[in-house]
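All values derive from a computational prediction rather than experimental measurement. Sequence lines set the chain letters: A, B, ... in the order given, protein chains first and strands last, and positions in each chain run from 1.
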Amino acid sequence: MSAEILSFETGLPAAPPPVDDEPALVVDVEGYEGPLDLLLALARQQKVDLAKISILALADQYLSFIEAARKIRLELAADYLVMAAWLAFLKSRLLLPEPATAEGPSAEEMATALANRLRRLEAIREAANSLMTRPQLMRDVFPRGEPEQIAEIKHPKFTATLFDLLTAYAAQRQQRVLASVHLAKRTVWSLAEARATLERLVGIAEEWASLDEYLMSFVGDPTQRATVFASSFAAALELVREGQVDLQQTQPFAPIYFRKRPPQPASDVASATEQPAG
Amino acid sequence: MASLAEKRIVEVDEPSETVGARPEELRLLEALLFAAAEPLDQAALAKRLPEGADVKAALEQLQADYALRGVNLVRIGSKWAFRTANDLSWLMTRETTETRRLSRAAIEVLAIIAYHQPVTRAEIEDIRGVVTSKGTLDVLLETGWIRPRGRRKTPGRPLTFGTTESFLSQFSLEALGDLPGLDELKGTGLLDSRLPTGFAVPAPSDDPALREDEDPLEPGDLDLALAPAVEPENPENPE
Amino acid sequence: MASLAEKRIVEVDEPSETVGARPEELRLLEALLFAAAEPLDQAALAKRLPEGADVKAALEQLQADYALRGVNLVRIGSKWAFRTANDLSWLMTRETTETRRLSRAAIEVLAIIAYHQPVTRAEIEDIRGVVTSKGTLDVLLETGWIRPRGRRKTPGRPLTFGTTESFLSQFSLEALGDLPGLDELKGTGLLDSRLPTGFAVPAPSDDPALREDEDPLEPGDLDLALAPAVEPENPENPE
């Protein structure tokens with residue numbers, strides 16, 4: 001029964017209600033939220049419990065309200081007119097004796113249903129009112145005005161793979177070696193260093209000795225061998241030229257032997273090969 | 001606050017402190033609930049308390065502790081929050097920011113949703129006897145007090161509406177059962193939207209679990225019903 | 001302060017509140033201070049309290065009431081506010097884990113520590129040819145993959161670093177000796193095969209036993225190295 005009033009617009013007339021000479025009724029649709037609201041307002045005028053309300057009287061009130069509104073050409077929303085039609089129908093059903101084989105709800109049942117709708121609307125309005133009077137947040141009760149922030153502590157979980165690690169290690173070691181040409185020079189024996197060392201060695205080498213062996217035992221770090229050999233050989237040649245040392249090598253790349261030159265006036269020059277050692 | 005950022009490892013010492021003999025849980029709960037911007041649920045609180053702490057008992061104890069103070073511990077649905085005491089609203093007037101004034105229609109619709117939820121727009125209109133303007137629902141969705149919760153399994157599959165936790169929070173309700181006049185309404189059978197008054201009187205429920213006659217929302221539904229109004233059900237995500 | 005941080009589980013047997021005896025001013029102050037968006041000064045509070053209330057005394061009483069609670073009433077300049085108790089600041093934190101990739105520099109330093117351990121910062125720098133930033137070592141200490149293991153018996157007594165067991169587990173190594181050596185590095189193409197003959201890769205060992213040229217750590221060394229904010233290596237100024 002409610003279906004017929006649902007699909008209408010609620011656009012209510014904005015025109016102010018002109019005061020009519022109708023004594024009891026002030027036609028003021030503007031204040032009502034639809035026909036049920038109007039019916040409820042009218043029902044209140046009966047000043048009885050809604051459960052005991054006379055639907056017949058209510059229908060009369062409503063219909064005369066609508067009549068009055070139409071008389072002053074107030075445009076009523078369709079909802080109100082549909083309700084009026086339905087109430088007129090209900091009124092006639094209530095006044096006429098019930099047919100013996102009635103189909104659908106009886107007039108009494110329809111009236112009760114209407115009364116219940118009104119009661120329900122009234123009840124929900126009362127509930128709404130008491131809801132609104134409850135202590136409301138930010139009106140009556142307040143939360144912490146200055147909430148404190150929860151600080152987020154991030155625990156890093158680090159990731160790295162063995163590949164990252166090895167790549168990094170290899171790359172930087174390699175880069176360092178290849179890029180350190182000038183540093184390699186720093187570890188080169190200077191001629192003076194080599195000569196000083198050889199002079200020290202030669203001081204004890206009365207017999208022929210292998211230079212290689214001496215150098216091997218002297219140079220612990222294999223990375224320095226090449227430079228030690230080169231410098232020592234050059235220094236040795238110098239010492240030979242000065243006549244302090246004899247060198248001998250039996251064939252190319254063979255070990256080089258040296259000894260302190262025995263004190264002899266003769267200038268039988270020691271044979272120094274032209275082949276330098278590696 | 002810089003000091004908040006620093007992680008302290010609390011030493012467990014001898015209980016040299018006997019003052020008040022107040023369980024440490026209560027201090028922790030106090031601190032958490034005071035600091036929080038939003039109500040916190042028991043699970044979220046338990047996560048921050050020492051293992052094995054009886055959070056429920058501690059909350060009840062704390063609620064009792066604060067019952068007579070200017071600040072009370074209140075339950076909001078399944079969550080807890082400190083709020084200024086009800087009876088001190090006169091004192092707090094200056095704190096009031098501009099509160100939203102709802103239209104009479106909006107208040108009515110809100111009440112219908114609260115007492116009849118889950119409820120469709122058509123059912124709301126049936127009770128009020130008038131079409132609900134879209135604006136009214138929009139305003140309510142914007143407050144965050146109502147949310148679309150599902151779709152009714154009837155032709156047209158209309159959205160069903162219900163209230164949110166922030167509705168409870170707004171109106172200082174522990175649970176929906178505390179709605180004023182709910183018992184009377186139930187007693188008169190007026191809650192049943194079907195006429196005439198039936199025997200089985202449905203109680204309103206904001207249980208997020210759908211009813212038998214509800215289908216879940218579809219992906220687009222929430223956008224449709226204004227995104228900001230919708231509360232995530234579980235704000236605290238488990239790590 | 002530390003004593004407040006103790007964890008105590010003690011039964012509350014007597015009500016700590018003497019109900020009724022509590023002046024209404026305290027409730028009002030509680031509510032006002034709780035709801036205020038900023039600290040309030042005495043004058044502002046006095047304006048809201050009943051005429052003739054002794055605000056100063058009430059504030060002091062309130063401060064005492066809350067002294068042992070999880071929330072304290074603190075004075076900030078001339079203003080008052082509720083704040084989480086200092087010792088509970090750890091509670092106001094949420095801990096999350098975030099995955100971070102180590103910087104290239106950190107991986108390089110880590111690799112050198114792994115192969116050349118025990119190694120000092122100066123030695124690392126010598127191998128890398130660049131100064132190691134403090135942050136890089138801090139990050140590595142934070143990973144827990146390296147540790148300071150001793151002090152080198154040289155002038156300045158610098159810390160020596162080595163890898164830890166969690167280094168092994170991070171890189172799925174059974175033992176440090178599983179790190180590939182020169183030939184393997186060459187074999188995998190990571191090292192150029194035409195490197196000078198003198199080029200060597202040490203056979204790494206993380207044997208915790210100190211070497212001959214190492215002294216044991218001193219009591220303060222570990223804290224120093226673990227505290228992320230503190231310079232982990234400070235050979236010049238032993239505290």
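Using a 4.5 Å cut-off between heavy atoms, B:F34 contacts chain A through both its backbone and its side chain. Contacts of B:L182 with chain A are absent, with no heavy-atom separation under 4.5 Å from either backbone or side chain. Only the side chain of B:R48 comes within contact range of chain A, with heavy atoms under 4.5 Å apart. Interface remark: B:L179 contributes side-chain atoms only to the contact with chain A (heavy atom separation under 4.5 Å). Contacts between B:A36 and chain A at a heavy-atom distance below 4.5 Å involve the backbone alone (N, CA, C, O).
Between B:R121 and B:E125, at least one side-chain N (NZ, or NE/NH1/NH2) sits under 4.0 Å from a carboxylate O, which counts as a salt bridge. Ion pairing between B:R27 and B:E24 holds under the 4.0 Å rule for side-chain N and carboxylate O.
Between A:T167 and A:D164, the side chains place no donor N or O within less than 3.5 Å of an acceptor N or O (distance only, hydrogens not considered).
Across B:N86, B:V74, B:L32, B:D87, the residue that shares the most heavy-atom pairs under 4.5 angstrom with chain A is B:N86. Contact count versus chain A (heavy atoms, under 4.5 Å) is highest, among B:S172, B:A81, B:A114, for B:S172.
Side-chain N or O atoms of B:T164 include one that pairs as donor or acceptor with a backbone N or O of B:W145 at under 3.5 Å.
Within the 4.5 Å cutoff, the side chain of B:N72 has no heavy atoms near those of the A:V141 side chain.
Partners of A:Y62 according to the ring pair (Phe, Tyr, Trp, His ring centres under 6.0 Å) rule, which considers only residues two or more places apart in sequence or in another chain, do not exist here.
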